[in-house]
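Structure first, commentary second.
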2 protein chains.
Amino acid sequence: MALRHAVLAALLNEELSGYQLAKAFDTGVANFWHALPQQLYAELTRLESDGLITGREVVQDTRPNKRLFRVTDAGTAEMERFTAAATKPSFIRDDLLVKVQAADHVDTGELIAQLTERAAFARAKVELFGSLLHTMRGDRTEEDHLRHGERIGPYLTCLRGLAFEQENRDWCERSVAILNERRSARARA
Amino acid sequence: MALRHAVLAALLNEELSGYQLAKAFDTGVANFWHALPQQLYAELTRLESDGLITGREVVQDTRPNKRLFRVTDAGTAEMERFTAAATKPSFIRDDLLVKVQAADHVDTGELIAQLTERAAFARAKVELFGSLLHTMRGDRTEEDHLRHGERIGPYLTCLRGLAFEQENRDWCERSVAILNERRSARARA
DNA sequence: TCTGACTACTCAAATTTATGAGTACCATGC
DNA sequence: GCATGGTACTCATAAATTTGAGTAGTCAGA
């Protein structure tokens, strides 16, 4: 029951449709959680029937109508309760790390390719998060925004996402460098 | 079918029993994946019946007997195939980030407590990974080990785990500092 | 000697997440 | 004028992960 709270958290900051939510959770803009559209629509239905959110139909002439959801008082209370409860530790669970764990027993050429691709992906995310942060803080410095801004929750989670992707990028690049060195050293031997 | 490969990767480096594997995957020593004992025993059974690993009974007089597993040639080939396939991007999925995302709408006292606890957890992990790395590289410097050591896969994944927990620690500490500042600023107002 | 903790596993069920396949309508470019 | 891609959703199923409850013997400390 954690997606439930991820959706609530997203809707607390902004009134969104299922589709908008799905985009955010899919592309990783909402970098505090990940979910597919099907899951989100299902969760929205459950949340609404539990009275934690309410939806309102927005009629559009050029596009299909949509339903925008916002959190009810009961929803805020549920979020409060969730926040007070113990937090499970989070673990890395990444196919790429599994592949690197086996690096000494497989062809490193393929592995280097995967690492290079991931580094590029991470760089793109670093850029994305960087500009998101800039948008959120506007003209202020980060320090100023965090002290005096009104909404800092999304800023803080975005900072975490940024650090995560920076580390991904650096680690991938370093791993590629090492594996390449070892390849050429072995080739010379 | 990713746990499958995580188990293979772990067993490629070391012959292990289900119980040992479970410990590694539970405490996060195997920081490239996480899984519960039940899942691992089930996966070991499947892997063995698929011929990707073989187990041998080890009789112990003081403790229950155990079965040690190692990867077969077919298992190594499967790992090779897996490594060459495209890697799915990995996402953060963390209850704590969900809570911070909602920081502007809930009582921050509870949130600060959760962040403080997580920071302590992260510090413990940083220490653990630090000593694991030290054990793996022995007397060598990291640079030397990564260039000339024999087994660097587990070292690289442990480095990733270390960086992840350092970032967790720093981010939690910074978030706590900011939330505290804002609390006292609000109290004065 | 009793309690709690550790080794070494197993079985069953619930919950969560991912995959695959659609519907339907509008706008844009070739 | 037709294919491609975006908006806005839904249904069904499969796979992965978590939760809960056991078994059974050993060892160390109060």
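Chain naming here is simple, since letters A, B, ... match the order of the sequence lines and numbering starts at 1 in each. Please read these numbers as outputs of a predicted model, since none were measured by experiment.
With hydrogens and angles disregarded, no donor-acceptor distance shorter than 3.5 Å links the side chain of A/E167 to the backbone of B/A163. Although no hydrogens or angles enter the test, the distance criterion places a donor-acceptor pair under 3.5 Å between the side chain of A/R182 and the main chain of B/G149. B/Y41 contributes a side-chain N or O that, together with a main-chain N or O of B/Y19, makes up a donor-acceptor pair within less than 3.5 Å. Looking at B/N13, its side chain does come within 3.5 Å of a backbone N or O of A/Q101 through a donor-acceptor pair. In this structure, B/D104 contributes its side chain and A/I152 its backbone to a donor-acceptor pair below 3.5 Å.
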Please set out all donor-acceptor pairs under 3.5 angstrom arising from side-chain atoms of residues 74-81 of chain B, sequence neighbours excluded.
residue, atom, partner, partner atom, Å
B/T76, OG1, B/T72, O, 3.3
B/E78, OE1, B/R81, NE, 3.1
B/E78, OE2, B/H5, NE2, 2.8
B/E78, OE2, B/R81, NH2, 2.9
B/E80, OE2, A/D107, N, 2.7

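The existence of a salt bridge linking A/E173 and A/R123 is confirmed by a sub-4.0 Å separation between a basic side-chain nitrogen and an acidic carboxylate oxygen. Electrostatic pairing of B/E143 and A/R174 counts as a salt bridge here, judged by a charged N lying under 4.0 Å from a carboxylate O.
One can place OH of B/Y19 at 18 Å from P of D/dA24, the figure rounded to the nearest angstrom. Rounded to a whole Å, the CG atom of B/D26 is 15 Å from the C1' atom of C/dC9.
Sequence neighbours left out, not one pair with a member in residues 158-179 of chain A passes ring-ring contact (aromatic ring centres under 6.0 Å, His included). For residues 91-102 of chain B, every residue pair satisfying the salt bridge (charged side-chain N to carboxylate O under 4.0 Å, His left out) rule, not counting sequence neighbours, is listed here: B/D94-B/R118.
Between B/K23 and C/dT7 there is a side-chain N or O to OP1 or OP2 distance below 4.0 Å.
Against DNA chain D, the stretch residues 3-11 of chain B makes heavy-atom approaches under 4.0 Å through B/L3. Heavy-atom distances under 4.0 Å link DNA chain D to B/T62 of residues 41-69 of chain B, given in residue order.
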Please list each protein N or O that sits under 3.5 Å from an N or O in nucleotides 18-22 of chain C, with the distance.
residue, atom, partner, partner atom, Å
C/dA18, OP2, B/R93, NH2, 3.3
C/dT19, O4, A/Q38, NE2, 3.3
C/dG20, O6, A/Q38, NE2, 2.6

